[in-house]
Student: 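My structure is below; once you've seen it, I'll send some questions.
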Amino acid sequence: MLENIEDGTAAATRLAGGAPLHSTLDVADPADWLALDAGVREVAWHRPQFLPKWEHSAPLPADLTQLSESRLALALCHRDGRTRQEAVRRSVRYPALLPLVVVRCADWVGPVREQARQLLCKALNVGSALDLAPLILRVGRRDRGAFGVDALSQILRQASHGQLAVLFADPDRIVRRFAYQLAIEGRLLHPAELARAAAGDQDTVVQDLCATAALTTLRDEDLHETVLPPLLSARNPRVRSAGVTALRRAGRSKQAEPFLSDRSALVRACARYVVRQQGGDPAAWYRKWCTAPDDPELPPGAVIGLAECGNRTDAGLLRPLLAHPTAGVRARAVAGLRALDCADAKQMRPLLDDPAAEVVRETTTALLPSAKELPTDWLLERTSSERPRHVRVGAFRLLDAHGGIVALRAAVGLLKDPDVKLRTWAAQSVQRWHPSPDGRHGVAEAGELIDRGRHLVSDHVLRQLK
């Protein structure tokens, strides 16, 4: 695979030496063709001795009519427009060079472009269009690239479901979007197939496209059992939320209740909407769940869900959950108290030593507004290399938010931390540090600390700080 223009120049040089096309690049990879096109021009400008010396006069020399496939590929990428135009005309003898004709369809020289477009229209059929689709769509992102995409669309509208299926699995998301759009327009996919595609594809555009198309069929009750389950069980929250919202239209609002505790905030919000539409009270459902602080089956989503639709009085249900045996519940309890503006620094401080990183992260975020109220010596102890990484990170974030000499002391102390990222964050903190405006205490210590981090700032900045 030609990964960049340097690989393209190397491929151009090998082709000029007579190497076969198929052994020089991956002919099925659109990136290789584009890298070769750029590489030939790079060689032509900086190392022209490696390429054939075609003259720029008309008519073109007779040897161009008898070029090998490899040499004609170079001619199709030549920096001179007349050479490219003649090469396009001659390339009809070599079907393997059609990808370069696709590239020339977006050429900046009009005659080259027109010649390539005529040849492409004659050569395209469903089979060749499927092979060239990834390249055509990639070239289509360029200026003057729309012609190839339009031609591709017209040809592939004649393709069957089985033929288009090749493009559904293409690694390029642009190709998958294009293929699913054609399939939906042509009604080639069953609603259940669309639901499975929405649930399985990683691209959000494909997910929305297929989920929307699948849900338009929900008027037919016979399709509920085949369309809704893939959507509701999808890993992606966007797809699950579409399925949950559709439960109301399908007359199955009761099935939305389990999704009130979903791990995704988007899904929980959609579930609350559906439950409310049928006259239910999501807040009461959450409160019922959270009244048992030792319940090992308590879902973390129910805890944060209570904060999302409850009020400050619900903080009394969340505080006991700070000691829950499940880390996810403890973390969501902290996040919930912060959302309700009921985070008590004294009560949450012990959670900075929690063995679960997610709990410490949430606790740190909740304590940031009150960072100056926390004992600095206690926090500095937690930046020791003997502490777990997530504890050191949390303590440093709070010390850095404190500012002044406290932040500088913590940052310099972590410049030799065993964790690379933490060392980097500490160095950045030293570089952006400035004295606190609230007093001049610690001036001598600040000077010593700045000297320890002098390798991180310029001499000018060092003089300014001192």
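By convention here, the first residue in the shown sequence is residue 1. Note that these values count all heavy atoms, side chains included, but never hydrogens, waters or copies made by symmetry.
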Student: Do the side chains of Leu231 and Leu215 get nearer than 4.5 Å, heavy atoms only?
Tutor: yes
Student: Between the main-chain N or O of Trp425 and the side-chain N or O of Ser429, is there a donor-acceptor pair closer than 3.5 Å?
Tutor: no
Student: Are the side chain of Arg423 and the backbone of Lys416 linked by a donor-acceptor contact shorter than 3.5 Å?
Tutor: no
Student: Compare every heavy atom of Thr364 with every heavy atom of Gly394, then report the nearest pair and how far apart it is.
Tutor: CA-OG1, 3.4 Å
Student: With a 4.5 Å limit on heavy-atom distance, are the side chains of Leu247 and Leu232 in contact?
Tutor: yes
Student: Pairs in or reaching into residues 336-368: which pass ring-ring contact (aromatic ring centres under 6.0 Å, His included), with residues at least two apart or in two chains?
Tutor: none
Student: Is there a side-chain contact between Gln278 and Glu257, using heavy atoms and a 4.5 Å cut-off?
Tutor: yes
Student: So does His22 have more than 12 non-hydrogen atoms from other groups sitting under 6.0 Å from NE2?
Tutor: no
Student: Just to verify, what does Phe147 make a ring pair (Phe, Tyr, Trp, His ring centres under 6.0 Å) with, not counting sequence neighbours?
Tutor: none
Student: Taking only residues two or more places apart in sequence, or in another chain, which ones meet Asn311 in a side-chain contact (heavy atoms from CB on, under 4.5 Å)?
Tutor: Arg287, Thr313, Asp314
Student: Output all residues satisfying side-chain contact (heavy atoms from CB on, under 4.5 Å) with Ala335, sequence neighbours left out; order by chain, then residue number.
Tutor: Ile304, Glu362
Student: If I compare all heavy atoms of Ala315 with all of Leu337, which pair ends up nearest, and what's the gap?
Tutor: CB-CD2, 3.7 Å
Student: Keeping the roles fixed (side chain from Ser384, backbone from Leu380), state whether a donor-acceptor pair exists under 3.5 Å.
Tutor: no
Student: Between Val102 and Pro99, is there a side-chain heavy-atom distance shorter than 4.5 Å?
Tutor: no
Student: Do you know which two heavy atoms are closest between Ala234 and Val239, and how far apart they sit?
Tutor: CB-CG1, 3.6 Å
Student: If you look at every heavy atom in Leu398 and Ala371, which pair is closest and at what distance?
Tutor: O-CB, 3.6 Å
Student: Would Leu34 and Leu135 count as a side chain to side chain contact (heavy atoms under 4.5 Å, CB included) here? Give the steps.
Tutor: CA-CA 9 Å; Leu34 297 176; Leu135 177 60; 4.1 Å; yes
Student: Taking only residues two or more places apart in sequence or in another chain, which ones pass side-chain contact (heavy atoms from CB on, under 4.5 Å) with Ala129?
Tutor: Leu124, Leu152, Ile155, Leu156
Student: With sequence neighbours left out, which residue pairs that include part of residues 354-408 fulfil the ring-ring contact (aromatic ring centres under 6.0 Å, His included) condition?
Tutor: none
Student: By salt bridge (Lys or Arg N to Asp or Glu O under 4.0 Å), which residues pair with Arg104, not counting sequence neighbours?
Tutor: Asp37, Asp107
Student: So do the side chains of Leu367 and Leu352 get within less than 4.5 Å of each other, counting heavy atoms only?
Tutor: yes
Student: Counting distance only, does the side-chain N/O of Arg272 pair as donor-acceptor with the main-chain N or O of Pro282 below 3.5 Å?
Tutor: no
Student: The criterion is side-chain contact (heavy atoms from CB on, under 4.5 Å); which residues satisfy it with Arg392, sequence neighbours excluded?
Tutor: Arg387, Arg389, Asp417, Pro418, Asp419, Leu422
Student: Give every residue pair that meets the side chain to side chain donor-acceptor pair (under 3.5 Å) criterion with at least one member in residues 164-187, sequence neighbours excluded.
Tutor: Arg141-Asp172, Arg176-Asp201, Arg177-Asp203, Gln181-Glu185
Student: If every non-hydrogen atom of Leu130 is compared with every non-hydrogen atom of Pro134, which pair is closest and at what distance?
Tutor: O-CD, 3.9 Å
Student: List, one per line, each side-chain donor-acceptor pair under 3.5 Å for residues 317-333, sequence neighbours excluded.
Tutor:
residue, atom, partner, partner atom, Å
His324, ND1, Thr326, N, 3.0
His324, NE2, Asp295, O, 2.7
Arg330, NE, Asp354, OD2, 2.9
Arg330, NH1, His324, O, 2.8
Arg330, NH1, Pro325, O, 3.3
Arg330, NH2, Asp354, OD1, 2.9
Arg330, NH2, Asp354, OD2, 3.4
Arg332, NH1, Glu358, OE1, 3.4

Student: Can you check whether Asp26's main-chain N or O pairs, donor with acceptor, with Asp32's side chain at less than 3.5 Å?
Tutor: yes
Student: Please answer whether the main-chain N or O of Val27 pairs with a side-chain N or O of Trp33 as donor and acceptor at a distance below 3.5 Å.
Tutor: yes
Student: With sequence neighbours excluded, give me every ring-ring contact (aromatic ring centres under 6.0 Å, His included) pair touching residues 276-318.
Tutor: Trp285-Trp289
Student: Is the shortest heavy-atom distance from the side chain of Arg240 to the side chain of Ser264 under 4.5 Å?
Tutor: yes
Student: Using a strict cut-off of less than 4.0 Å between a Lys/Arg side-chain nitrogen and an Asp/Glu carboxylate oxygen, indicate whether Arg252 and Glu225 qualify as a salt bridge.
Tutor: yes
Student: With a 3.5 Å cut-off and no angle check, do the side chains of Ser128 and Asp131 form a donor-acceptor pair?
Tutor: no
Student: Give every donor-acceptor pair under 3.5 Å between a side-chain atom in residues 341-349 and any protein atom, sequence neighbours left out.
Tutor:
residue, atom, partner, partner atom, Å
Asp344, OD2, Lys346, N, 3.3
Asp344, OD2, Gln347, N, 2.8

Student: Treating Arg263 as the side-chain partner and Gly301 as the backbone partner, does any N or O pair qualify as donor plus acceptor under 3.5 Å?
Tutor: no
Student: Taking all atoms of both residues into account, what is the closest heavy-atom pair of Ala214 and Ala195, and its distance?
Tutor: CB-N, 3.9 Å
Student: Considering only heavy atoms from C-beta outward, does the side chain of Arg157 approach that of Leu182 to under 4.5 Å?
Tutor: yes
Student: Hey, does Arg144 have a side-chain heavy atom less than 4.5 Å from the side chain of Arg117?
Tutor: yes
